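Please read all numbers here as calculations on a predicted model, not as lab measurements. Note that ligands are numbered from 1 as they come in the structure, with each ligand's atoms numbered from 1 the same way. Residues take their numbers from the sequence shown, with the count starting at 1.
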Amino acid sequence: MRLVAIGALLVPALLLAQPAKDSCVECHSVMDGPIQKPALLIKNDIHTANGLSCADCHGGDRTSDDPSVAMSKAKGFVGKPKRAAIPQLCANCHGSADFMRRYQPRQRIDQFELYKTSVHGKRLAAGDENVATCIDCHSVHDIRGVKDALSPVHPLRLPETCGRCHSDAHKMAKYGIPTDQLEHYRTSVHWAALKKGDLSAPTCASCHGNHGAKPPEVESVAAVCGSCHVLFAQLYEKSVHQPIFSAASGGGGCIVCHSNHGIQDPTTAMLVGPKAVCANCHEPGTPGAKTAAQMAQWLDGLDAALKRSSAVLTEADEDGMEVSEAQVRLGDGNENLIKARLAMHTFQPEEMHKPIEAGMAIANETLRAGQTALHEKDVRRLGLAISGFFIAITVVAIWLAIRRLEANGSGYIEPVK
Ligand code: HEC
Ligand code: HEC
Ligand code: HEC
Ligand code: HEC
Ligand code: HEC
Ligand code: HEC
Ligand code: HEC
Ligand code: HEC
Ligand code: HEC
C-alpha cells in the first residue's frame, strides 16, 4: 500500500523533472546557415532562461519530429513573422498583465502601447519598415535582460544601437534629418560621465524615451534637461530668456546655449570671446553683452582666487605645516563658485553677487592662512639654522680645547697597572 502511494507521488515528479521535448531546437541546431543560427543563439536568450522556446513565438508543435507536423499551420505555425507584425507578436505576452506577472510581478506591460505613440511606431503603422521595431533595439534570438551589460539596450551600448540607423546617411537620406547625433554625443560630457561609470548620465533613451521615442518638443527641452538638472531648470524657467527661447523661432531652452547631443564642459568662453554664445544675439555694447562680460569677470576672478589659495595651501601642506582646517574651508569656497554658475542662469547679475562675494571672502581668508603657515615655516627654519650655527661653534671650540690639552701633555692619564 505504502509503496504504491509513494510511487504515485514519484511518477509526476519524474515527469516534471524530465526536460520537455523540443523538436524545433533539436532539428534546427543540426541545420546549416540562417535556419541554424537561432538555435545556437537561443542559449543566451532571457526567454530560454524563463522556460520559453521557439514555438512560444513561432507557434507549431514542438513534440513532433516530423517537420510537416511540427511546422504546420494547423498547429498555429507562423514561420518568420513579417516586420510590421513583430511588435504585436512580442506584445502577445508583453502586453498581458496576467501572463507577465506570473514571471515578474512588477514588469511593465506598456511597451507596445507606448511604441504606437512614437515616431517609430507611427511610421511602421503607415508602412515604413526602415524604422526601429522591438528587435532592432533588443535583438532577436539572443534577447537579454535589459540590465545585462551585453544587452544592446544597456546604457553603454544603446548609443551605438540607435546609431546603427541614425548614423547611416544612406538609410536616413529620405527623411532629411541630421545623422550626426552619435558622433556629437560621443564628444559630450554626458558620454564621458557614463563611460566613467556614472549610470545617472543620460543616453539617447533618457532624453527621447525608449518605447515612446520622439524628439522632445521645443517647449519641453528644459523639462527633459531639468528632470536631472532640477535647480538649473527652475532658475531658467523664471529668466528673461525662457519665453523668447521657447517661441516658435526654432529655439529650444537649454540647448540654445548648450546644444543637445554634443554638450561640452561649460566655461566662461561661452560668455565672452570668439566662441561666446551670448554674442550670437547680444551685440557688443548692449546691456546683454555687458552683463555677459561682467559675469565672466566674476566667475574667472573667483576661480583664479580659489586656485591661488589652493596652490599656497598645497605647498604648505607638503612642507608639513598643519593647514587642514583651511583646506576644508576652501571646499566651501568652491561650493560658492558652483552656486554662482547656477545663479548665472537667472541672467541677472544681482543674483550672482552673494555667492561671488562669499567665495571671494573665503579665497582671501584661506590664502592668508596658507601664507601665514608658509611664513611660520620660514621662521622655524631660520631658528633652526641659527641654533645649528651655535652648536657647530661650540663643537669646534670643545675640539680645539681638547687639542690644546693634549698638546700640553696634561691630558695624559696614567694607565692603571
Ligand atoms: C525535422 C526538422 C525541423 C523541425 C522539427 C522543425 N523545423 Fe523549422 N525548419 C526546418 C527547415 C529545414 C526549414 C527551412 C525550410 C522551410 O522553410 O521549410 C525550417 C524553417 C523554419 C522557420 C523559417 C520559416 C520562414 O518562413 O522562413 C522557422 C521560423 C522555423 N522553422 C521554426 C520552427 C519551429 C518553431 C519548430 C518547432 C515547433 C520547428 N521549426 C521545427 C526544419 C525543422
Ligand atoms: C521571442 C520570440 C522568438 C523566439 C523565442 C524565437 N524566435 Fe525565431 N524569430 C523571431 C522573430 C521576431 C523573427 C523575425 C526576425 C527578423 O525579421 O529579422 C524570427 C525569425 C526566425 C527565423 C528566420 C531567420 C531568417 O533570417 O530568415 C528562423 C529560422 C527562426 N526565427 C527560428 C527560430 C528557432 C529555431 C527558435 C528556437 C531555437 C526561435 N526562432 C525562437 C522571434 C522568435
Ligand atoms: C528604440 C529602441 C527600442 C524599441 C523599438 C523597443 N525597446 Fe524595449 N527597451 C528599450 C530600452 C532603451 C529599454 C530600457 C532599458 C533600461 O531600462 O535600461 C527597454 C526596455 C524594455 C523592457 C523592460 C521593461 C521596461 O519596459 O523597461 C521590455 C520588456 C521591452 N523593452 C520590450 C519591448 C517590446 C515588446 C518592444 C516592441 C513593442 C520594444 N521593447 C521596443 C529600447 C527599445
Ligand atoms: C511567449 C511570451 C513572450 C513573447 C512572445 C515574448 N516575450 Fe519577452 N519575455 C517573456 C518573459 C516571460 C520574460 C521574462 C520575464 C521578464 O524578465 O520580464 C521576457 C523577457 C523579455 C525581456 C527582458 C525584460 C527585462 O526586464 O530585462 C525583453 C527585453 C523581452 N522579453 C523582449 C521581447 C521581444 C523583443 C519580443 C518579441 C520579439 C518578446 N520579448 C516576445 C515572454 C515573452
Ligand atoms: C532600425 C533603424 C532605427 C533604429 C535602431 C532607431 N531608429 Fe529612430 N528612427 C528611424 C527612422 C527610419 C526614423 C524616421 C525618421 C523621420 O521620420 O524623421 C526614426 C525616427 C526617430 C526620431 C524622430 C526624428 C524626427 O525628428 O523625425 C527619434 C527622436 C528617434 N528615431 C530616436 C531613436 C532612438 C533614441 C533610438 C535608440 C533608442 C532609435 N531612434 C533607434 C530608424 C531607427
Ligand atoms: C541630453 C539629451 C539628449 C540626448 C542624450 C540625446 N538627444 Fe537626441 N535630441 C535631443 C534634443 C533636445 C533634440 C532636439 C529637439 C528639438 O529640436 O525639438 C534631439 C534631436 C534628435 C533627433 C532629431 C534630429 C536632430 O538631430 O535634430 C534625433 C534623430 C535624435 N535626437 C537622436 C538621438 C540619438 C540617436 C541619441 C544617442 C546617440 C540622442 N539623440 C541623444 C536631446 C537628446
Ligand atoms: C538623465 C539625467 C540627465 C539628463 C536628462 C541631462 N543631464 Fe546633463 N548631466 C547629467 C550628469 C549625470 C552629468 C555629469 C555629472 C556632472 O558633472 O554633473 C551631466 C553633466 C552636464 C553638464 C556639465 C556639467 C559640468 O559641471 O561640467 C551640462 C552643461 C549638462 N549636463 C547639460 C544638460 C542639458 C542642456 C541637458 C538637456 C539637453 C541635460 N544636461 C540632460 C545628467 C543629465
Ligand atoms: C543663455 C545661455 C544659457 C542657457 C539658456 C542655459 N545655460 Fe547652462 N550655462 C551657460 C553658461 C554660459 C555656463 C557656464 C558658466 C561658467 O562655468 O563659466 C553654463 C553652465 C551650466 C552648467 C554647469 C555648471 C557648473 O557648475 O559647471 C550646467 C549643468 C548647465 N549650465 C545646465 C543648464 C540647463 C539644464 C539649462 C536649461 C534649464 C541651461 N543650462 C540653460 C549658459 C546657458
Ligand atoms: C538666441 C538669442 C540669445 C542668446 C544666445 C542669448 N540671449 Fe540674452 N536675450 C535675448 C533676447 C531676445 C533678450 C530680450 C531683449 C529685450 O527684451 O530687449 C535677452 C535678454 C537678456 C538680458 C536682459 C537685458 C536685456 O538685454 O534686455 C540679459 C542680461 C541677457 N539676455 C544675457 C545673456 C547672456 C549672459 C547670454 C549668454 C550666456 C545670453 N543673454 C544669450 C536673446 C539671447
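- Set against the non-hydrogen atoms of Leu299, the atoms of ligand 8 under 4.0 Å away are 16 (C), 18 (O).
- Tyr185 and Asn260 are not linked by any side-chain donor-acceptor pair at a separation below 3.5 angstrom, with hydrogens and angles left out of the test.
- Within the 4.0 Å cut-off (strictly below), no protein heavy atom is located near atom 27 (O) of ligand 9.
- The cationic atom of Lys116 (NZ for Lys, CZ for Arg) lies less than 6.0 Å from the six-membered ring centre of Phe112 and within 45° of the ring axis.
- Contact annotation for His282 and ligand 9: only side-chain heavy atoms (C-beta onward) come within less than 4.0 Å of the ligand.
- Backbone and side-chain nitrogen or oxygen atoms of His138 are examined, and one is located within less than 3.5 angstrom of a nitrogen or oxygen of ligand 3.
- Closest protein heavy atom to atom 37 (C) of ligand 8: Cys254 SG, 1.9 Å.
- Shown in contact with His229 at under 4.0 Å from a heavy atom are these atoms of ligand 8, numbered in order with element: 29 (C), 35 (C).
- Using modelled atom types and a 3.5 Å distance limit, the side chains of Gln181 and Thr179 yield no donor-acceptor pair.
- Nearest to atom 24 (C) of ligand 3 among the protein's heavy atoms is Gln107 OE1, 3.2 Å.
- Defined by atom type and a distance below 3.5 Å, a donor-acceptor pair is present between the side-chain atoms of Gln264 and Thr187.
- No part of Thr286 comes within 4.0 Å of ligand 9, judged by heavy-atom distances.
- Ser139 and Asp142 form a side-chain donor-acceptor contact under 3.5 Å, judged by distance and modelled atom types alone.
- Nearest-heavy-atom check against atom 12 (C) of ligand 3 across Asn210, Leu89, Asp136 picks out Asn210.
- Ligand 8 is never approached by Val256 to a heavy-atom distance shorter than 4.0 Å.
- The protein non-hydrogen atom at the shortest distance from atom 15 (C) of ligand 3 is Val146 CB, 3.8 Å.
- Here the heavy atom of the protein found nearest to atom 6 (C) of ligand 3 is His211 CD2, 3.3 Å.
- Counting heavy atoms closer than 4.0 Å to ligand 9, residue Asn280 contributes nothing at all.
- The distance from atom 8 (Fe) of ligand 3 to the nearest N/O/S atom of Cys134 is not under 2.8 Å.
- Under the 3.5 Å distance criterion, with hydrogens and angles disregarded, no donor-acceptor pair is assigned to the side chains of Asp65 and Ser23.
- The single protein non-hydrogen atom nearest to atom 3 (C) of ligand 9 is Cys281 SG, 2.6 Å, given as residue, atom name and distance.
- Residue His241 places a heavy atom under 4.0 Å from ligand 9.
- Among all protein heavy atoms, the one lying closest to atom 36 (C) of ligand 9 is Cys278 SG, 2.9 Å.
- Near Leu271, meaning under 4.0 Å from one of its heavy atoms, ligand 9 places the atoms 38 (C).
- Between atom 8 (Fe) of ligand 8 and His345 there is an N/O/S contact shorter than 2.8 Å.
- For atom 35 (C) of ligand 3, the nearest protein heavy atom (residue, atom name, distance) is Cys90 CB, 3.6 Å.
- The ligand atoms of ligand 9 that sit less than 4.0 angstrom from a heavy atom of Thr291 are 29 (C).
- Which parts of ligand 9 touch Gly288 is read off a 4.0 Å heavy-atom cut-off, strictly below it: atoms 26 (O).
- Atom 23 (C) of ligand 8 has Pro266 CG, 3.6 Å as its closest protein atom, hydrogens excluded (heavy atom only).
- At least one heavy atom of Lys147 lies less than 4.0 angstrom from ligand 3.
- The heavy atom nearest to atom 5 (C) of ligand 9, considering only Val277, Thr268, Ile244, is found in Val277.
- The backbone of Thr133, and not its side chain, has at least one atom closer than 4.0 Å to an atom of ligand 3 (non-hydrogen atoms only; backbone = N, CA, C, O).
- By the 3.5 Å distance cut-off applied to N or O atoms, His94 is not counted among the residues near ligand 3.
- Between the side chains of Asp45 and His47, at least one donor N or O sits under 3.5 Å from an acceptor N or O.
- Among protein heavy atoms, the minimum distance from atom 2 (C) of ligand 3 is reached at Cys137 SG, 1.9 Å.
- With a 4.0 Å heavy-atom cut-off, ligand 8 is reached by no atom of Glu237.
- Under the 3.5 Å distance criterion, the side-chain polar atoms of His28 are matched with a main-chain donor or acceptor of Ile35.
- At a 3.5 angstrom cut-off on N or O pairs, His258 counts as close to ligand 8.
- Among all protein heavy atoms, the one lying closest to atom 25 (C) of ligand 9 is Pro287 CB, 4.4 Å.
- The two atoms that bring Val230 and Ser227 nearest to each other are CG2-O, 4.3 Å, heavy atoms only.
- Between the side chain of Ser64 and the backbone N or O of Asp61, no donor-acceptor pair lies under 3.5 Å.
- From the protein, the heavy atom lying nearest to atom 17 (O) of ligand 9 is Val240 CG2, 5.0 Å.
- Considering only non-hydrogen protein atoms, atom 29 (C) of ligand 9 sits nearest to Phe347 O, 3.4 Å.
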